[in-house]
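Read the structure below first, then the notes.
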Amino acid sequence: MTRYNPKKTEPHWRNVWTQADAFRTGPADPSLPKYYVLEMFPYPSGRLHMGHVRNYSLGDVVARYKRARGFNVLHPMGWDAFGLPAENAAMERGVDPKAWTYDNISRMRDELKELGLSVDWSREFATCDLAYYGQQQSWFLDLFKRGLVYRREGVVNWDPVDQTVLANEQVVDGRGWRSGALVEKRKLNQWFMRITDYADDLVDSLKTLDRWPDKVRTMQENWIGRSKGLRFSFAYAGDAPAGLPEGLEVYTTRPDTLFGASFVGIAADHPLADHVAASRPDVAAFIAACRQGGASEAEIETAEKIGFDTGLSVAHPFDPAQRLPVWIANFILMDYGTGAIFGCPAHDQRDLDFARKYGLSVHPVVLPPGEDPDTFEVGTEAYTGPGRIYRSQFLDGLEIEAAKAAAIQRMEDLGQGKGATVFRLRDWGVSRQRAWGCPIPVVHCEACGVVPLPATDLPLAMPDDLDFSKPGNALLRHPTWRHTACPACGSAAIRETDTLDTFVDSSWYFARFANPEAPGPIDKAAADYWLPVDQYIGGVEHAVLHLLYARFLTKALADEDMLSVKEPFAGLFTQGMVTHETYRKPNGEWLEPRDVEITATGNVRQARLVSTGEPVVIGDVEKMSKSKRNTVSPGEIFEVYGVDAARLFVLSDSPPERDAQWSNSGVEGSWRFVNRVWAEFDSQPPGSVEPAAPDDAALTIRRGSHRLIKTLTEAIEGFRFNSGIARLYEFLNLLKDFKAEGAGPAVLFARQEALSALARLIAPFTPHLAEECWARIGGEGLVVFAPWPEFDPDMIQEAVLTLPVQVNGKRRGEVQVPAGAEPAEVEKIVLGDPEFSRHLGGLTLRKVIVVKDRIINIVAS
RNA sequence: GCCGCCGUAGCUCAGUGGUAGAGCGCAUCCUUGGUAAGGCUGAGGUCGGCAGUUCAAUCCUGCCCGGCGGCACCA
């Protein structure tokens, strides 16, 4: 009996895999079924955390499993290496961001390799490699030439802490997604990508992503926010204000309620509001008051609706004699629709609140089912449900949807409006005022304007001698880099100093992995074979960031004929976070798990400080974070329990999509499992085992192992790894009851079969242990090259089943019947059983229900 | 407010229209040359609540309660 020693076996097998070049991706051979497994690539912070361990272990299970199933597997790794932390390190510690980043990459690569991932490291690259971002500059200019990239002045989100612009997606509750600083609005010239051109496609093709979580699809749909409605103009009653368009254009999704309009509202930022304010100090004061309101969600939500009558009025488009007053209102957003609405208080809560406050009239025009048109009234709640239109001339009697269509049609006939689709999605602002990012390859020339660099000038590298001693954009401060000659006219010109949002870098890396050596951005033939990614795995926090940008760019590059696929990720899995209990001293100071000792008596757990014995308060379970100090370092765990035990634990604790709670006792359980598995292999007599006719014990083992193959395979296919591992535990309990010591040939033979399957079944989860076990029982070659075990359906079924017998739904006994026995036959057996009549007592038999191979229920009264 | 997910043993979670399961923890005992360990045995569950459908509901349906996540003055 030898003890399992992961410190020795794990490095050994990793070395064997490297020597055998076991994970090199096969050539793009269309005759072979391919499988592309990808985990969201890491930011090289320099340190592996448990979240990484979980993410990459999940992907590795899939990759190893698919490889065993005969797929040509692509499982690459790279680095999302541009971004602010490097600049912050440069500023705080005076290091070079490039050196700092590559240093971190080298450290993290070692840690990732220690995880024993089946990654093809020959394809590795970092987004800060000139060979990568130079290619990015190349397609960026292609999109620029096609108009998908443009520059304009716009109001942007400015993060005062990170001193850069943020995309809308990167502002959460009015704060920067990284810094948490309150975002300010600034007017700047910025680069944008025309993601709105693809808005319809991005919504419509969500339904083709049937292997994505509904949750993520819903989030994207909400974010894009498509609504269908009518855009039309009100004619002013009297002359249009000088210098403004003839009519006042509004947007609505409820054209069916047009006859219920009682006012027109415009945003405080609307040009008409500005126009009126120019001659009306009271209006100007009101607009200023609106702008003072806070920008956060909470403030907006609780803000009272306020408005100001401009004194202007417009004519109702379907009933020009009717006049509607024009109000400025604080709840109308300038950047959605046209910044102007018509108010229909009876059927919109916001309009109703507003109308009640300012004494505007309320005209119901949708009659709820069962209501009397003469008595129906709207009080304090707007009616937004179904019904028939009334008091609306040509719309009378129509259902809502039909009325919408009719109103749009009439408006189009009048030439005053048009059916329109409006999106909440805005174009993607990709300018960042940072130096450690992909330089935008254009120059600004006094004479020629914005001039893209010619292909011969690419890649455009950033300078190596940047000064990060001060905040702000180091590229802007560089003494010489900006100054260049205009590629068009040759006169002095200035380089663009904005760099690209790092989300641009991560929007196409999966395509580059198809051939990272390609002379152009993407090797189309290779990408055609490998894409889409069959299984993408990462955190749900990117539901509307990375995952939306990558979908957009895939479509844009496909239209550029650089890709054939329209969607990058056929299957998406969003894994949960790794959490841990928190611990604090009575004075509130956070404590690290390693400093705390937990004891349990009965069901009561107590904690105390290891060093002093002081009592410790056990707090909530939360995401591992430095601030709460509830992190556990993967390296230390590997050191104590080995990599396999750590992998096994993060995979076994909970379903992959949910949070997993790390605990010391949990990983100890995994460690014991590793040892128990080894003990079963180690106790099996070495050398070949003679075939022997099975006895009952051998049959039990065989049935168990064939069932295990079936259920574990289904669990992996269904991404229920924790459930699969639970089956492994159960099987080991079974195997333990049929020890090799002193066993007869039949049991030994059945064990040998079981162990051969088991070594291959554990390989995706605990690959090092699997190799050691495989070698121990004389498996051929390496387990990484071994095919996935198959089960024999005939072995799954038991010959004789014990079925429960219920009387009136309550379990009263059991009966033995042959498997597959017909209900009539079972009924005869049960009724013939003397025990049955005893249970029946004096009751009269009414009915016997037999569910084949499951249960018998006797109904009696 | 709207949408979604979740609620099963002390904890973390499987599971199924038909006999309630695993790991950890807990308790008893054994081992003390596998020893900063190993093993045996066991206790512990109105399957969140209430109603309905059914021969039978933890599972299906409805309502309610609790937790988590997303969206939210988007016209």
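In the text below, chain A, chain B and the rest are named by the order of the sequence lines, each starting its count at 1. Owing to the predicted nature of the structure, the values given are computational and were not obtained by experimental measurement.
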Set out, in order, the CA-CA distance, both residues' side-chain angles and the distance that settles ring pair (Phe, Tyr, Trp, His ring centres under 6.0 Å) for A:Phe649 and A:Trp662, then state yes or no. CA-CA 8 Å; A:Phe649 179 57; A:Trp662 183 273; 5.0 Å; yes

Of all the choices, B:rA75, B:rC6, B:rC24, which nucleotide is nearest to the side chain of A:Thr252 once you look at every atom? B:rA75

A:Tyr729 has a side chain; which of B:rA22, B:rC24, B:rA75 sits nearest to it? B:rA22

Can you tell me which nucleotide in B:rG25, B:rC74, B:rG69 comes closest to the side chain of A:Lys215? B:rG69

In whole angstroms, the gap separating P of B:rU12 from CZ of A:Arg658 amounts to 11 Å

Just the dot-bracket of RNA chain B, please: which string comes out with Watson-Crick or G-U pairs under 3.5 Å, [ ] for crossing, | for another strand? (((((((..((((....[..)))).((.((.......)).)).....(((((..]....))))))))))))....

For B:rG52 versus B:rU41, give the span between their C1' atoms, rounded off to a whole number of Å. 44 Å

Between B:rC73 (C1') and A:His347 (NE2): distance, integer Å: 19 Å

If we take the C1' atom in both B:rC11 and B:rG25, what is their distance in whole Å? 7 Å

Look at all strands and tell whether A:Lys736 reaches a base, only sugar-phosphate, or nothing, counting heavy atoms closer than 4.0 Å. sugar-phosphate

In whole angstroms, the gap separating P of B:rA75 from CZ of A:Phe354 amounts to 18 Å

Please give the distance between the P atoms of B:rU31 and B:rC40 as a whole number of Å. 15 Å

How many whole angstroms separate atom CZ of A:Arg720 from atom P of B:rA14? 10 Å

Please report the distance separating the P of B:rG66 from the corresponding atom of B:rG15, rounded so that it comes out in whole Å. 27 Å

I need the CZ-C1' distance between A:Phe649 and B:rA22, as an integer number of Å. 14 Å

Proximal nucleotide (of B:rA22, B:rC73, B:rA14) relative to the A:Phe331 side chain: B:rC73

For nucleotides B:rG21 and B:rU8, find the distance between their C1' atoms and express it as a whole number of Å. 10 Å

With heavy atoms under 4.0 Å as the rule, sort A:Ser227 into base, sugar-phosphate or nothing. sugar-phosphate

Does any donor atom in the side chain of A:Arg594 or A:Asn664 lie under 3.5 Å from an acceptor atom in the other side chain? no

Going by atom types only, do A:Gln684 and A:Arg776 share a side-chain donor-acceptor pair under 3.5 Å? no

Name the closest nucleotide to the A:Tyr336 side chain, picking from B:rA75, B:rG25, B:rG70. B:rA75

Could you give the distance separating B:rG18 and B:rA57 at their P atoms, to the nearest angstrom? 11 Å

Classify the ring geometry of A:Phe263 against A:Phe354: parallel below 30°, tilted from 30° to 60°, perpendicular beyond 60°. tilted

Between A:Trp678 and A:Tyr4, how do the two ring planes meet: parallel, tilted or perpendicular, split at 30° and 60°? tilted

Most 5' of A:Gly666 and A:Val544 on RNA chain B, judged by nearest nucleotide: A:Gly666

Over all strands shown, is A:Tyr251 touching base, sugar-phosphate only, or nothing at heavy-atom distances under 4.0 angstrom? base

Distance check, C1' atoms only: B:rC26 and B:rG7, in whole angstrom units. 24 Å

Atom CZ of A:Phe673 and atom P of B:rA37 are separated, to the nearest Å, by 20 Å

Between A:Ser670 and A:Asn675, which residue's closest nucleotide on RNA chain B lies nearer the 5′ terminus? A:Ser670

Closest to the side chain of A:Pro655, out of B:rA75, B:rC71, B:rA14, is B:rA14

Can you list every salt bridge (charged side-chain N to carboxylate O under 4.0 Å, His left out) pair that touches residues 339-351 of chain A, not counting sequence neighbours? A:Asp348-A:Arg350

B:rC13 P sits how many Å from A:Trp662 CH2, rounded? 15 Å

Only one of A:Phe232, A:Phe342, A:Phe259 passes ring pair (Phe, Tyr, Trp, His ring centres under 6.0 Å) with A:His316; say which it is. A:Phe259

Can you tell me the distance, in whole Å, between the CZ atom of A:Arg254 and the C1' atom of B:rC74? 15 Å

Identify whether any heavy atom of A:Asp659 sits under 4.0 Å from a base atom; if not, whether one sits that close to sugar-phosphate; answer base, sugar-phosphate or nothing. sugar-phosphate

Picking from B:rG39, B:rC13, B:rC71, which would you name as closest to the side chain of A:Arg676? B:rG39

B:rA27 to B:rC63 separation - C1' atoms, rounded to the nearest Å: 42 Å

Please pick, from B:rC24, B:rC13, B:rG70, the nucleotide with the shortest atom-to-atom distance to any side-chain atom of A:Ser665. B:rC24

Could you check whether A:Tyr358 and A:Trp327 have their ring centres less than 6.0 Å apart? yes

Could you check which of B:rU12, B:rA22, B:rC74 has an atom nearest any side-chain atom of A:Asn733? B:rA22

Under 4.0 Å, heavy atoms only, any strand: does A:Ile332 hit a base, just the sugar-phosphate, or nothing? base

Residues, nucleotides or ligands: over 12 heavy atoms within 6.0 Å of A:Lys623 NZ: no

Of all the nucleotides listed (B:rC73, B:rG25, B:rA14), which has the minimum atom distance to the side chain of A:Ser723? B:rA14

With sugar-phosphate meaning primed atoms plus P, OP1 and OP2, does A:Asp348 contact a base, only sugar-phosphate, or nothing at under 4.0 Å between heavy atoms? nothing

Let's go through A:Phe731 and A:Tyr729 carefully: what are the C-alpha distance in whole Å and the side-chain angles of both, what is the deciding distance for ring pair (Phe, Tyr, Trp, His ring centres under 6.0 Å) to 0.1 Å, and is it a yes or a no? CA-CA 5 Å; A:Phe731 181 68; A:Tyr729 273 96; over 10 Å; no

